[in-house]
Peer 1: 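This is the structure, below, for whatever I ask next.
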Amino acid sequence: MTQQTPPIPILSRSSHLARLQVDEALPFLQKALPNKEFSVESMNTIGDRDLKTPLTDANIPTDFFSRDLDQKQLAGEADIVVHSAKDLPNPLTEGLVIAAMLPAQDTRDALVIRKGIDLNQGGIIGTSSPVREAAMRKIYPHTTFKSIRGSIGQRLDQLDAGDYDAVIIAGCALQRLGWEDRITEWLDYETTPLQGRLAITVKAGRRDLIDALRKIDVRQHAGLVAMVGCPSDARMLGGLARDLIQAADLILHDRLIPQEVLSLLGARGEYVGKKGHAHSTTQAHIHRRILHESEKGKLVVRLHGGEPGILGHLGETLDYCHAWGLRTEVIPAISAAQLTAARGQCSLTHRHDGRSITFLSGHKGLMDHEPAALSPQHGNLAIYMGVRDIATSRQRLKEAGWDINTPVTAGLHLGTPQEKLIHSTLEKIDLEALESPAVLLVGPRSYKPRYTLFTGTDPAKFVEYGPLLHFPMIALQPRPLPERNQILQAGLAKWQGIIFPSSPAVKWVMEALLEFADTRALAGKKILAVGPLTAKTLASYGLKADAVPEGFGGAAALATHPDLTPGVYGYLCSSASPVEERKKAFTGTGIELDAQVYYENASTPDEKLPELDFQRVLFTSSSTVKAYFKKFPEEKTRQRDWLVVGSSTLKALNALGLNGLIIS
């Protein structure tokens, strides 16, 4: 005769809500312990028996709602105890461990208001939580607060009897009890950590239960929460930050994220930005999204504009995530103050003058800082969010001992087409045309760099001519892939070789080629590049150019190369390419160009030149020259240094009566 295995004893508090919580936990327990039976018992705890002592009383023990359960479990009378996680003491009673945490239900508080009551006019709110009281004072400042005890049902009875005008109750408790219809208002503030989550405790020596319950422990399966800083200039986004963004399931992002980065997010991006003196997403809402999505096993990225640890919400989010047991990672970014300093070529600190720097919020015009704390003896200042109250801040700094001639560099709209630097002094800064968002550096000296305006599409290949201010005058778009495939397949059947006029042409030809073949399809074909940068791009695909001119002479220089093999060559060019001029250049070489438009050349929408100061303009093609002076004809009279790539680009500049320097 087979001996029947006794059921696993489960223990909980005796309230109706506690028994419903056991019912909620049972499916998880059955998944972790299949083919096991369970028995359920309940009991009152100290907190259930003592309904008079306010929970704000400093003498209440931390195990007010769990001591009796813990003692019975340690005595071996229960294998498993189901708790509201927020009721557990920290540290946990010796000899016990939390074997599993279950996914959180709605973590918000709910307000239940007695019929006919308008809390805007005042009233008595029942709560025994200082956290709830502090939050509600901001929402309903004319109300008073009174301690309330008892089960959820008992608290609602006290409300209905007129003892209170409203009561605050955990929303998930009302949902579990089926009383959600009693909710008047959901409250959007940070609630007690672990509210809405159930915890399962076992004795520390029960390895069998600990191992079995690990499979339902949400802490084991929750996804990573990555707090990623995003610089205003997308080019400065680091490799690890980019990897996390690409791998993320959900990306909660700020307002000040560059468009180049936003384009990577797609449907995974969710805007949760904040803006001073305007409606914003609450931090509590953001935290709830992080919790519930990470508990589903998702990789959640909180994408901050700038450095999240400088006057951001990084600290609050770390506190929240660690209180809930979530894994976190922090990726720093170039801060707005650092970027302003770099753009203005000034040092945030200096060995001889300003040996430290303080980061401040300019809200309230620095009135929440004592003058002694603002003294120049403490070093330089970086003031964020200070445009609105700049006049007050200026006065406060003067009172703190700052000289009126102290340099102030302001970085406005960093990383955007409207980016601007203002070089001023403390005496005049409140008279400047400041706009938000802005960062003000007080103290550091600026050397006012003069930029080279780069009009092409790929500044990475021209960084030595910097500092570059990227302002593309043309936008290149490949023809649809099926059309490129058709051109390439037909051409390979008759061409003796291919002339690549640019690096983008290489990329788009290879993309098409690999759709129907591989690089072996180019065997026996001559590969010509119009310049070293194009040849370098070919090399990245494992292709060596058979002929490439030195420097940036372009197609005209290629036509003079001594090692050209006659034949018909595919010339896969842009819609703006001067094809007849190119054919004429190859006259007498034995090369016949079969020109095919492989990508479109369109002008960009920018109708205003950058605010940053630039002395040189670098043109990469004749089309950039034409587009630039068509949009900005007044530039023909400016005293600038014109730099050009290739003789055809110089020719386009000369046609406008301007001289330029061919770079090499």
Peer 1: Checking side chain to side chain contact (heavy atoms under 4.5 Å, CB included) between Thr107 and each of Leu194, Thr191, Thr192, which is the one that passes?
Peer 2: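 Exactly one candidate clears the test, Thr191.
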Peer 1: Quick one: which residue pairs count as a side chain to side chain donor-acceptor pair (under 3.5 Å) with a foot in residues 109-124, not counting sequence neighbours?
Peer 2: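 Residue pairs passing side chain to side chain donor-acceptor pair (under 3.5 Å), neighbours aside: Asp109-Arg132, Asp109-Tyr189, Asp109-Gln195, Arg114-Asp165, Asp118-Asn120.
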Peer 1: Only counting residues at least two apart or in another chain, list the ones meeting salt bridge (charged side-chain N to carboxylate O under 4.0 Å, His left out) with Glu329.
Peer 2: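 Scan of Glu329 (salt bridge (charged side-chain N to carboxylate O under 4.0 Å, His left out), adjacent residues dropped) gives none.
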Peer 1: I'd like to know if the side chain of Asp389 and the backbone of Lys364 have a donor-acceptor N/O pair within less than 3.5 Å.
Peer 2: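 Side chain of Asp389 to backbone of Lys364, a donor-acceptor pair under 3.5 Å: yes, one is there.
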Peer 1: Can you name the ring-ring contact (aromatic ring centres under 6.0 Å, His included) partners of His253, sequence neighbours left out?
Peer 2: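 For His253 the ring-ring contact (aromatic ring centres under 6.0 Å, His included) partners, ignoring immediate neighbours, are Tyr271.
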Peer 1: Tell me whether Asp217 contacts the main-chain N or O of Met101 through its side chain, where contact means a donor paired with an acceptor under 3.5 Å.
Peer 2: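 Checked: pair present.
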Peer 1: To the closest 0.5 Å, what do you measure between CG (Leu88) and CG (Asp63)?
Peer 2: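 CG of Asp63 is found 10.0 Å from CG of Leu88.
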Peer 1: Would you please test Asp68 and Arg13 for salt bridge (charged side-chain N to carboxylate O under 4.0 Å, His left out) and show each step?
Peer 2: CA-CA 9 Å; Asp68 301 272; Arg13 291 168 61 191; over 6 Å; no
Peer 1: Evaluate the side-chain hydrogen bond (donor to acceptor under 3.5 Å, both in side chains) criterion for residues Thr45 and Asp48: first the C-alpha distance (whole Å), next the side-chain angles of each, then the deciding distance (0.1 Å), finally the verdict.
Peer 2: CA-CA 5 Å; Thr45 65; Asp48 298 314; 3.0 Å; yes
Peer 1: Could you give me the CA-CA distance, side-chain angles and deciding distance for Asp70 and Arg67, then say whether salt bridge (charged side-chain N to carboxylate O under 4.0 Å, His left out) is met?
Peer 2: CA-CA 5 Å; Asp70 295 346; Arg67 181 183 300 173; over 6 Å; no
Peer 1: Is Ser84 reaching over with its side chain to a backbone N or O of Asp87, donor-acceptor style, under 3.5 angstrom?
Peer 2: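 No; judged by distance alone, with no hydrogens or angles, the pair does not exist.
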Peer 1: So does Leu374 get a backbone contact from the side chain of Trp402, meaning a donor-acceptor N/O pair under 3.5 Å?
Peer 2: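 Answer holds: yes.
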Peer 1: One pair to check against side-chain hydrogen bond (donor to acceptor under 3.5 Å, both in side chains): Asp188 and Thr282. What are the steps and the verdict?
Peer 2: CA-CA 8 Å; Asp188 192 12; Thr282 66; 2.7 Å; yes
Peer 1: Has Asn380 got a side-chain atom pairing as donor or acceptor with Leu348's backbone, closer than 3.5 angstrom?
Peer 2: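 Yes.
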Peer 1: Ignoring hydrogens and angles, state whether a donor on the side chain of Gln395 or Thr392 is under 3.5 Å from an acceptor on the partner side chain.
Peer 2: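 The criterion, which ignores hydrogens and geometry beyond distance, is not satisfied for Thr392 and Gln395.
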Peer 1: Would you sort out whether His322 and Thr328 count as a side-chain hydrogen bond (donor to acceptor under 3.5 Å, both in side chains), showing the intermediate values?
Peer 2: CA-CA 8 Å; His322 283 272; Thr328 56; 3.1 Å; yes
Peer 1: Enumerate the residue pairs fulfilling side chain to side chain donor-acceptor pair (under 3.5 Å) with a member in residues 308-321, sequence neighbours excluded, ordered by first and then second residue.
Peer 2: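 Counting only pairs at least two positions apart or across chains, the side chain to side chain donor-acceptor pair (under 3.5 Å) contacts touching residues 308-321 are Gln283-Thr317, His287-Thr317, His313-Glu316.
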Peer 1: Applying salt bridge (charged side-chain N to carboxylate O under 4.0 Å, His left out), which residue pairs with at least one partner in residues 137-157 are found, sequence neighbours left out?
Peer 2: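 For residues 137-157: Glu133-Arg137.
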Peer 1: Keeping Ser128 on the side-chain end and Ile148 on the backbone end, is there a donor-acceptor pair under 3.5 Å?
Peer 2: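 Here the side-chain-to-backbone pair exists.
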Peer 1: If only atom types and distance count, is the side chain of Arg268 paired as donor or acceptor with the main-chain N or O of Ile245 below 3.5 Å?
Peer 2: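 Yes; at least one donor-acceptor contact below 3.5 Å.
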Peer 1: Would you call Asp249-Lys296 a salt bridge at under 4.0 Å N-O?
Peer 2: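 Answer for the salt bridge query: no.
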Peer 1: Which residue in the set Leu440, Ile310, Leu360 passes side chain to side chain contact (heavy atoms under 4.5 Å, CB included) when paired with Tyr384?
Peer 2: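 The residue from Leu440, Ile310, Leu360 that satisfies side chain to side chain contact (heavy atoms under 4.5 Å, CB included) with Tyr384 turns out to be Ile310.
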Peer 1: Any side-chain to backbone donor/acceptor pair from Arg108 onto Ala170? Under 3.5 Å, distance only.
Peer 2: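 Not at all, since once roles are kept as given, no pair shorter than 3.5 Å links the two residues.
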Peer 1: Counting N and O atoms only, with roles assigned by atom type, does the side chain of Glu432 sit under 3.5 Å from a partner on the main chain of Leu434, one being a donor and the other an acceptor?
Peer 2: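 The answer is no, because no donor-acceptor pair under 3.5 Å joins these two groups.
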Peer 1: Any donor-acceptor pair under 3.5 Å linking the side-chain atoms of Gln21 with those of Ser12?
Peer 2: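 Looking only at side-chain atoms, Gln21 and Ser12 do not form any donor-acceptor pair under 3.5 Å.
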Peer 1: In terms of side-chain geometry, is the basic nitrogen of Asp79 or Lys203 positioned less than 4.0 Å from the acidic oxygen of its partner?
Peer 2: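 Judged by the 4.0 Å cut-off on N to carboxylate O distance, Asp79 and Lys203 do not form a salt bridge.
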Peer 1: Mind jotting down which residue pairs meet the side chain to side chain donor-acceptor pair (under 3.5 Å) criterion with at least one end in residues 30-44? Sequence neighbours excluded, please.
Peer 2: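 Residue pairs passing side chain to side chain donor-acceptor pair (under 3.5 Å), neighbours aside: Ser14-Asn44.
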Peer 1: For Ile80, which of Leu11, Ile200, Thr201, Val40 qualifies under side chain to side chain contact (heavy atoms under 4.5 Å, CB included)?
Peer 2: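 Testing each of Leu11, Ile200, Thr201, Val40 against Ile80, the sole residue satisfying side chain to side chain contact (heavy atoms under 4.5 Å, CB included) is Ile200.
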Peer 1: Are any side-chain N or O atoms of Thr143 and backbone N or O atoms of Tyr140, one a donor and one an acceptor, separated by less than 3.5 Å?
Peer 2: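 Yes.
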